[in-house]
Amino acid sequence: MSKNKEIVMSGIRPTGFLHLGNYFGAVKNYVRMQEEYECFFMVADLHSLTTHPDTKGLKQNVHRVLAENIACGLDPNKVALYCQSHIYETSELYLYLNMLAYKGELEKTTTFKDKARLQPDNINAGLLTYPVLQTADIILHRAKYVPVGKDQEQHLEMARNFVKRFNHRYGEVFPAPSAFNFGEELIKVPSLDGSGKMSKSENQYATIYLSDDDELIRTKVKKAKMDSGPKEMNAMKSPEVENIFLLLKLVSSGDTVKKFEEDYNNCTIKYGDLKGQLGADMVKFISPIREKVNSILEDERYLKQVMEQGAEKSRKSAKTTMELVREAIGLKYF
Ligand code: TYM
């Protein structure tokens, strides 16, 4: 890999099938970035243990996330595509960073509060220190850019704070990482029920997965919540309708979006047609990816080779960083 390319790192938890939110918030940027940057992309299997302690389906889920990334266009020969747990240095860096992270700030993290509410019987320390582990993932490669969706913004702010503290206490080792989306605001792909975002493990009927078959995609879109239609010319859109237009902009052509915008503004829009078009364009977008995922999943030997190759590239970078870290902290006694 080239020495002077800027470094990029990101990850996805193997907690379920990938959906349009993961694609447009993260993977689409990974694919674009692989051409210009030195990229490290991983399956965050350790993070998944904070919420999914039952590991029966883990192997299958890890394989699927890898296959989905590759089917979306990620090239394991261009990037390091690896599994978080294969890089032991991550856990060591996580431990050092834990000494720089304070209980108060961790307890205030939105994702911690949300997850604690969802699993009151399992508010484990891993859940609390989740952003610390995420920071270790990122700075292990001294990455500068982190392509993620809007929901990860706070974690990236925390990563910058931890980096500042480390550099202040031990000397400049790490660049400050920032959340990245090609020249734009970070993206939040909304769910089809008009509230919240698409998610791997919640509101499954309002989320479109890359694994959904054509019929299911059309049915989900058809059932999307709408209002009773515009009452006057150029009316403001309700949040539900706004969401549908946002999704249309992601998968449909500019002309299609323009036509429905005009129909909405002059009150001739038929929501049935809008949903029909959106369903058809989603099917057109997703079905080739789904087919590719299925064929990649059949080849376990290939996936093993991808993981080994990715781990090797990633370990090399991790080892260099950890030498600097141990030295900076003062853990060298001879
Ligand atoms: P995860 O697995 O929840 O999501 C993976 C990526 O998909 C994005 N995403 C979305 N973007 C837009 N709209 C949505 N509805 C939507 N849902 C998910 C997420 O922002 C993310 O980019 N903590 C991370 C995993 C992680 C990580 C890292 C990320 C572990 N270590 C280091 C970056 C760097 C997570 O839970 O992602």
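Here the structure is a predicted model, which is why all the values come from computation and not from measurement. Order of listing sets the numbers, starting from 1, for every ligand and every atom in it.
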Considering only protein heavy atoms, which is closest to [atom], and at what distance to one decimal place?
atom	result
atom 20 (O) of ligand 1	Asp151 OD1, 2.6 Å
atom 31 (N) of ligand 1	Asp137 OD2, 2.7 Å
atom 25 (C) of ligand 1	Gly11 O, 3.4 Å
atom 13 (N) of ligand 1	Val189 N, 2.7 Å
atom 3 (O) of ligand 1	Arg13 NH2, 2.8 Å
atom 23 (N) of ligand 1	Tyr130 OH, 2.7 Å
atom 2 (O) of ligand 1	Lys200 NZ, 2.6 Å
atom 10 (C) of ligand 1	Gly21 O, 3.3 Å

What atoms in ligand 1 come closer than 4.0 Å to a heavy atom of [X]?
X	result
Met9	32 (C), 34 (C)
Gly25	11 (N), 12 (C)
Ala26	6 (C), 7 (O), 22 (O)
Ile187	11 (N), 12 (C), 13 (N)
His47	30 (C), 31 (N)

| request: Return the option from Gln134, Lys188, His155, Lys197 holding the heavy atom at the smallest distance from atom 27 (C) of ligand 1. | output: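 Going through Gln134, Lys188, His155, Lys197 one by one, Gln134 has the nearest heavy atom to atom 27 (C) of ligand 1.
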| query | Counting heavy atoms only, which of Ile138, Val43, Asp45, Thr135 comes nearest to atom 34 (C) of ligand 1? | reply |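 Closest candidate by heavy-atom distance is Ile138.
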| task | Please report the C-alpha distance between Asp263 and Lys259 in whole Å, then the side-chain angles of each, then the deciding distance to 0.1 Å, and finally whether the salt bridge (Lys or Arg N to Asp or Glu O under 4.0 Å) criterion is met. | result | CA-CA 6 Å; Asp263 290 355; Lys259 175 207 168 326; 2.5 Å; yes
| said: Check whether Glu6 reaches the backbone of Lys144 with its side chain - one donor and one acceptor, N or O, closer than 3.5 Å. | reply: no
| task | Please lay out, stage by stage, how Tyr96 and Tyr94 fare under the test ring-ring contact (aromatic ring centres under 6.0 Å, His included). | result | CA-CA 6 Å; Tyr96 301 144; Tyr94 168 55; over 10 Å; no
| Taking the non-hydrogen atoms of Phe24, is any one of them nearer than 4.0 angstrom to ligand 1? | no
| Is the closest heavy atom of Gln84 to ligand 1 under 4.0 Å? | no
| request: Apply salt bridge (Lys or Arg N to Asp or Glu O under 4.0 Å) to the pair Arg165 and Glu105, showing each step before the final yes or no. | output: CA-CA 14 Å; Arg165 269 175 229 162; Glu105 64 187 334; 2.7 Å; yes
| Is atom NZ of Lys225 surrounded by more than 12 heavy atoms (other residues, nucleotides or ligands) closer than 6.0 Å? |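 At most 12 heavy atoms, drawn from other residues, nucleotides or ligands, come within 6.0 Å of this atom.
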| If you draw a 6.0 Å radius around CD in Glu312, do more than 12 non-hydrogen atoms from other residues or ligands fall strictly inside? |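 At most 12 heavy atoms, drawn from other residues, nucleotides or ligands, come within 6.0 Å of this atom.
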Exercise: do [X] and [Y] side chains pair donor with acceptor under 3.5 Å:
X	Y	answer
Tyr130	Thr111	no
Asp281	Gln277	yes
Asn203	Ser199	no
Asp255	Ser253	no
His141	Ser317	yes

Under 3.5 Å, N or O to N or O, is [X] touching ligand 1 that way?
X	value
Val146	no
Tyr30	no
Gly149	yes
Gln152	yes
Val148	no

| remark: Minimal heavy-atom distance between Leu303 and Ala67, with the atoms involved, is CD2-N, 4.4 Å
| Is it the side chain (CB and beyond), the backbone, both or neither of Ala44 that lies under 4.0 Å from ligand 1, heavy atoms counted? |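 Side chain only; the backbone of Ala44 stays clear of ligand 1.
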| request: For ligand 1, note which part of Asn22 has a heavy atom under 4.0 Å away: side chain, backbone, both or neither. | output: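 Both the backbone and the side chain of Asn22 come within reach of ligand 1.
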| query | Tell me, do Met307 and Val43 make a side-chain contact under 4.5 Å, heavy atoms counted? | reply |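 Answer no - side chains too far apart.
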| task | Please work out which of the three classes, parallel, tilted or perpendicular, describes the rings of Tyr145 and Tyr37, given edges at 30° and 60°. | result | perpendicular
